Amino acid sequence: MKINQINDFIYEISSEENKNMLVPARFYAHPSQIETLKKDDSLKQLTNVATLPGIVGYSLAMPDIHQGYGFPIGGVAAFDADEGIISPGGVGYDINCGIRLNLTNWNKVEIQKILGSIVNDIYNSIPLGAGKGSLIKINKNEFEKLVTEGIDWAIKNGFATEKEKEHIEDKGKLIVKDLNGVSDKAIERGISEIGSLGSGNHFIEIGYVSEIFDKELGSNLGLFKNQVVVWIHTGSRGYGHQICSDFAKEYQTVSKKYGIQLVDRGLACAPFKSKEGQEYYYSMNSAANFAFVNRQLIAHKIMEILENYSKKVKPLKFELFYDLAHNIAKLETHIVKGKKKQLVVHRKGATRSFPAKYIKGEFANIGQPVLVPGSMGTSSYILLGSENSLELSFGSSCHGAGRVKSRSQAKSEIDPRKLKESLEREGIIIKTSSLSSLSEEAPDAYKDVETVVEVVNNLRITKPLAKLKPLAVIKG
DNA sequence: ATGTAC
């Protein structure tokens, strides 16, 4: 495969590479990442996406790109809403896998003595791992309301506030016209897991603000140095997983029906405006609503736990900084060749990063927050959508460090006991129900988050706001 | 990612 370097951080693969490609592939990366990128199928997958009907501009990827199911993770693909497709493989199995950052008014010194106890309380209160139950019990009728109304359901039921809603991407509610595409099986799995973390790379982290790059803006947004924060990384659990499975299977024949040639079964898709396309779209949106509520319920529970320690620290303020989706397809208006166009923007392991003047609400004139969690034990970043993001990536940035080792490779090469010990030597508390799965999330299994962030900031897709470090990590 | 295999 011929990779053309356009400048320091922009690389392209020509559409001549493969006769089925409709547009070139383009990825944003650091020169030091290129050799590693050639080792898995991620670039091949990136060119495969360029063969799908209605793709606009480029098949794109962020510097945290790695191999996924059909579409690469870290990929961004925009399709013409009238003539293009929607694909479950372009979103991923964990629909609205996303990340949330809550701020407290406590500093890290104040919680030193009670941190271990807080970690135990969280560990014992939130269902962690696969199939470990839910935080609330609701019936099918109520569940259907929950996935249709998203955060509005959480507000009605006392789990969220109007203020929090303003700090959630799309206000925590994506349009669901009907649930015709949602199987009973998906609903059963969802009911039993609402308010649960899951496993894999999902985590709860207690961290602190270590550096604020724009001091005035940081202060205006409620950040201060050494501030204790809570990260929650999870998604739509078995509900989204079942929806993705159902459609990935059904779409094998649906793609054929519409005469779409697939170079990989993971690219299965339907025309966005078709009956099948719309069914997936609303089902996917309902899973996104599930995930927004899921993270909200977990955050609400953690707030209750922290409040119990108020007497030992000081009265708690627990505020949502931002909650976002990094596995989702969104119907958005973009300028294509000087004209407004409705596009279905698939972000699979990519974060929306609209610049200051294109967003409304709390972050208008500031830029959309881009939360970039590093791998376990490493730094994380708060970035803000910046001026080149629409032009370079349909308003998208990176979502994390990105894997360099497959789960199985990491498991066979990294001793989880030694890993836990080395993280604890650095002063980070690690609490997990599955020591063996820790290896899969080892820092060595991931790219360097600093390099990833350097690329998107240099391209002015985003700009840096703050850097954060971990104090404790709780995992399934 | 996942009641971690239709």
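Nothing here was measured: the structure is a model prediction, and the numbers come from that model. Lettering of chains follows the sequences in order, A, B, ..., and the numbering in each one begins at 1.
- Taking the ring axis of F354(A) as reference, the NZ or CZ atom of R352(A) stays within 45° of it and closer than 6.0 Å to the ring centre.
- Nucleic acid contact class of K132(A) (heavy atoms, under 4.0 Å, all strands): none.
- Across the protein-nucleic acid pair, Y93(A) atom OH and dA5(B) atom P stand 12 Å apart, rounded to whole Å.
- A donor-acceptor contact under 3.5 angstrom links the side chains of T462(A) and N457(A), judged on distance only.
- Pairs passing the salt bridge (Lys or Arg N to Asp or Glu O under 4.0 Å) check and including a residue from residues 464-476 of chain A, sequence neighbours excluded, read E450(A)-K467(A).
- Taking atom OH on Y69(A) and atom C1' on dT2(B), their separation rounds to 14 Å, with Å as the unit.
- Atom pair Q242(A):CD and dT2(B):P shows a separation of 13 Å (rounding to whole Å applied).
- Taking the ring pair (Phe, Tyr, Trp, His ring centres under 6.0 Å) definition, one finds that F27(A) meets it with Y11(A), sequence neighbours left out.
- Applying the 4.0 Å criterion to OP1 and OP2 of dT2(B), one finds that S199(A) has a side-chain N or O inside that range.
- Whole-Å rounding puts the D246(A) CG to dT2(B) P distance at 16 Å.
- Protein atom CG of D94(A) is 9 Å distant from nucleotide atom C1' of dT2(B), rounded to whole Å.
- dT4(B) atom P lies 16 Å from atom NE2 of H202(A), rounded to whole Å.
- Within 4.0 Å (heavy atoms only), G92(A) reaches no atom of the nucleic acid at all.
- For the pair L197(A) CG and dT2(B) C1', the interatomic distance rounds to 14 Å; values are reported in whole Å.
- Where K249(A) and K185(A) meet DNA chain B, the nucleotide closest to each residue was compared, and K185(A) sits on the side nearer the 5' end.
- In this entry the distance linking CD1 of I243(A) with P of dT2(B) reads 14 Å, nearest Å.
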